[in-house]
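Proteins get letters first, then strands, A, B, ... in listed order; numbering begins at 1 in each. Any value given below was found using the heavy atoms of this structure, including those in side chains, with hydrogens, waters and symmetry copies removed. This one's a predicted model, so the numbers in the text were calculated from it and none came from an experiment.
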Number of protein chains: 2
Amino acid sequence: MEENASALEQCDYMHLHDKVIEQVQEEMPQEEILYDLAELFKVFGDSTRIKILYVLFQSEMCVCDIAQLLHMSQSAISHQLRVLKQAQLVKYRREGKTVFYALADAHVNTILNQGLEHIEE
Amino acid sequence: MEENASALEQCDYMHLHDKVIEQVQEEMPQEEILYDLAELFKVFGDSTRIKILYVLFQSEMCVCDIAQLLHMSQSAISHQLRVLKQAQLVKYRREGKTVFYALADAHVNTILNQGLEHIEE
DNA sequence: CATTCATATGAATAATTGTTCATATGTTTA
DNA sequence: TAAACATATGAACAATTATTCATATGAATG
């Protein structure tokens with residue numbers, strides 16, 4: 001978790017040209033952005049959540065239906081939907097006792113597809 | 001970790017039409033694919049690794065240069081490069097004592113960019 | 001308003017993971 | 001071949017996390 005220094009004893013000289021070093025520091029998104037980006041991908045990094053996203057890609061769905069489709073407990077799904085909701089990957093609407101979840105936007109699908117393309121080499 | 005059942009007491013009836021259920025089961029990638037997909041995104045789900053990828057996007061680079069640029073220890077970077085290598089996100093070549101790492105393919109950049117687009121709403 | 005149903009949530013636990021430290025491996029050079 | 005350097009790796013530890021269990025909240029219905 002610590003991304004602190006202690007970078008005391010590194011290699012003798014850098015292989016990089018000054019120009020590259022400068023460019024890296026210039027092109028590199030801000031620390032906070034990079035952190036948020038990692039947080040976002042962390043959300044995709046769980047197979048239960050991936051399944052939920054795929055299921056919602058077919059249709060809006062209530063918590064209980066998702067649980068049954070994935071053979072998992074209502075509580076587990078609800079906890080994960082919370083994570084997806086916080087990452088703004090899903091949205092929801094209430095209808096009486098029931099809460100329906102749906103994908104929030106199109107990025108979700110693009111990201112999943114790029115991932116698929118990669119693992120299929 | 002357990003994605004087992006215990007889905008005994010769910011809601012009384014399903015809101016979904018049979019057609020949707022059928023389609024979900026049809027369109028859903030195989031269990032193993034979904035697992036691999038989660039594994040891939042898990043790799044993106046760490047800010048140190050994200051930084052390494054961004055840095056390598058500028059230029060091929062040796063372990064030690066990366067460590068200095070990111071103000072982290074050689075060991076930490078090496079461990080993370082191992083993870084990136086296993087996920088086939090980076091490739092490497094040896095030149096004497098030095099090992100140079102580079103991005104493996106173009107998907108990496110697409111995935112990162114989609115992620116960025118999402119967090120920038 | 002009490003009951004029932006759907007969902008959310010807090011605490012607890014087991015499993016996973018990122019970094020450090022110490023050390024091993026592999027390569028060059030004196 | 002010994003020393004120096006660049007990288008890799010194993011063990012240990014702290015921190016994070018996914019699920020379960022028990023229970024709370026919120027809405028409909030008798």
Side-chain angles (χ1 to χ4, degrees), chain A residues 1-16 34-35 38-39 41-52 60-68 70-87 90 92-101, chain B residues 1-16 34-35 38-39 41-52 60-68 70-87 90 92-101:
Chain A
M1 313 297 98
E2 283 252 85
E3 41 198 28
N4 209 321
S6 98
L8 295 168
E9 9 71 35
Q10 300 293 4
C11 54
D12 286 357
Y13 61 97
M14 290 195 86
H15 293 262
L16 297 171
L34 294 171
Y35 186 80
E39 287 303 300
F41 286 119
K42 217 171 276 182
V43 175
F44 285 94
D46 175 82
S47 62
T48 296
R49 289 192 292 264
I50 292 271
K51 285 178 199 169
I52 294 177
E60 173 187 67
M61 223 170 277
C62 71
V63 179
C64 168
D65 285 351
I66 300 172
Q68 285 193 249
L70 302 187
H71 308 295
M72 293 185 66
S73 73
Q74 176 270 322
S75 181
I77 298 298
S78 189
H79 276 295
Q80 296 302 354
L81 282 169
R82 188 165 185 262
V83 175
L84 291 167
K85 195 166 49 180
Q86 279 169 341
V90 300
Y92 66 99
R93 69 181 176 85
R94 178 148 223 151
E95 195 173 290
K97 291 176 285 188
T98 313
V99 177
F100 290 96
Y101 282 84
Chain B
M1 314 297 102
E2 282 253 84
E3 41 198 27
N4 208 322
S6 98
L8 295 167
E9 7 72 36
Q10 301 291 5
C11 55
D12 286 356
Y13 61 96
M14 290 194 87
H15 293 261
L16 297 170
L34 293 170
Y35 185 81
E39 287 302 301
F41 286 120
K42 215 171 279 183
V43 175
F44 285 94
D46 175 81
S47 63
T48 296
R49 289 192 293 264
I50 293 270
K51 284 177 199 170
I52 294 176
E60 172 189 69
M61 224 170 277
C62 71
V63 179
C64 166
D65 285 352
I66 301 172
Q68 285 193 248
L70 302 187
H71 307 294
M72 293 185 66
S73 72
Q74 175 271 321
S75 181
I77 298 297
S78 190
H79 276 295
Q80 297 302 355
L81 282 170
R82 188 166 185 260
V83 175
L84 291 168
K85 195 165 51 179
Q86 280 169 342
V90 301
Y92 66 99
R93 71 182 174 84
R94 177 148 224 151
E95 196 174 289
K97 290 175 285 186
T98 313
V99 178
F100 290 95
Y101 282 84

### Query
To the nearest 0.5 Å, how far apart are CG in B:D46 and CG in A:L34?
11.5 Å
### Message
From CZ of A:F41 over to P of D:dT17, roughly how many Å is that when rounded to an integer?
### Response
16 Å
### Query
According to a strict under-4.0 Å criterion, is B:T48 in side-chain N/O contact with OP1 or OP2 of C:dT19?
yes
### Which nucleotide in C:dT19, C:dT7, D:dA8 has an atom nearest any side-chain atom of A:V99
C:dT7
### Task
Would you jot down, in residue-number order, the residues of residues 77-84 of chain B having a non-hydrogen atom under 4.0 Å from DNA chain C?
B:H79, B:Q80
### Summary
d(B:C62 SG, B:K97 NZ) to nearest 0.5 Å is 11.5 Å
### Query
Between A:E39 and B:A76, which has a closest nucleotide on DNA chain D that is more 5'?
B:A76
### Query
Can a side chain N or O of A:Y92 be found less than 4.0 Å away from OP1 or OP2 on C:dA8?
no
### Query
If you measure from CD on A:E39 to OG on B:S47, what distance do you get to the nearest 0.5 Å?
8.0 Å
### Query
Please give, in whole Å, the distance from D:dA6 P to A:H15 NE2?
7 Å
### Query
Going through the distances and angles, do A:V99 and A:L81 end up as a side-chain contact (heavy atoms from CB on, under 4.5 Å)?
CA-CA 11 Å; A:V99 177; A:L81 282 169; over 6 Å; no
### Task
Classify the side chain of B:T98 versus the base of D:dC5 as yes if they form a donor-acceptor pair under 3.5 Å and no if they do not.
no
### Query
Would you say the side chain of B:Q74 and the base of D:dA6 hold a donor-acceptor pair, judged only by whether the two atoms sit under 3.5 Å apart?
no
#### Entry: Counterpart residues, ring pair (Phe, Tyr, Trp, His ring centres under 6.0 Å), relative to A:H15 (two or more places apart)
A:Y13, B:F100
#### Entry: Whole angstrom value for the distance that separates C1' of C:dG18 from CG of B:L70
15 Å
### Query
Between B:C62 and A:R49, which has a closest nucleotide on DNA chain D that is more 5'?
B:C62
#### Entry: Stepwise side-chain contact (heavy atoms from CB on, under 4.5 Å) test for B:K51 and B:M72
CA-CA 11 Å; B:K51 284 177 199 170; B:M72 293 185 66; 5.8 Å; no
### Summary
Atom CZ of A:R93 and atom C1' of D:dA27 are separated, to the nearest Å, by 15 Å
### Task
Please identify each residue that fulfils side-chain contact (heavy atoms from CB on, under 4.5 Å) with A:Q86, with sequence neighbours left out.
A:R82
### Query
D:dA8 C1' sits how many Å from B:I66 CD1, rounded?
14 Å
### Query
Taking only residues two or more places apart in sequence or in another chain, which ones pass side-chain contact (heavy atoms from CB on, under 4.5 Å) with A:V43?
A:R49, A:V83, A:L84, A:A87, A:L89
### Message
Considering every strand and a 4.0 Å limit on heavy-atom distances, what is the contact class for B:Y101: base, sugar-phosphate, or nothing?
### Response
sugar-phosphate
### Query
Could you state the NZ-P distance from B:K42 to C:dA15, rounded to the nearest angstrom?
15 Å
### Value in whole Å for how far the C1' atom of D:dT17 lies from CG of A:D46
9 Å
## Note on the structure
Applying side-chain contact (heavy atoms from CB on, under 4.5 Å) to B:K85 and not counting sequence neighbours gives B:V90, B:Y92, B:Y101
### Query
Below 3.5 Å, does any donor atom in the side chain of B:S73 face an acceptor in the base of C:dC21, or the other way round?
no
### Message
How long is the straight-line distance from CG of B:L16 back to CG of A:D65, given to the nearest 0.5 Å?
### Response
4.0 Å
Between the protein and nucleotides 27-29 of chain C, which nitrogen or oxygen pairs are less than 3.5 angstrom apart?
none

### Query
Just how far, in rounded Å, is C1' of C:dA6 from CE of A:M61?
16 Å
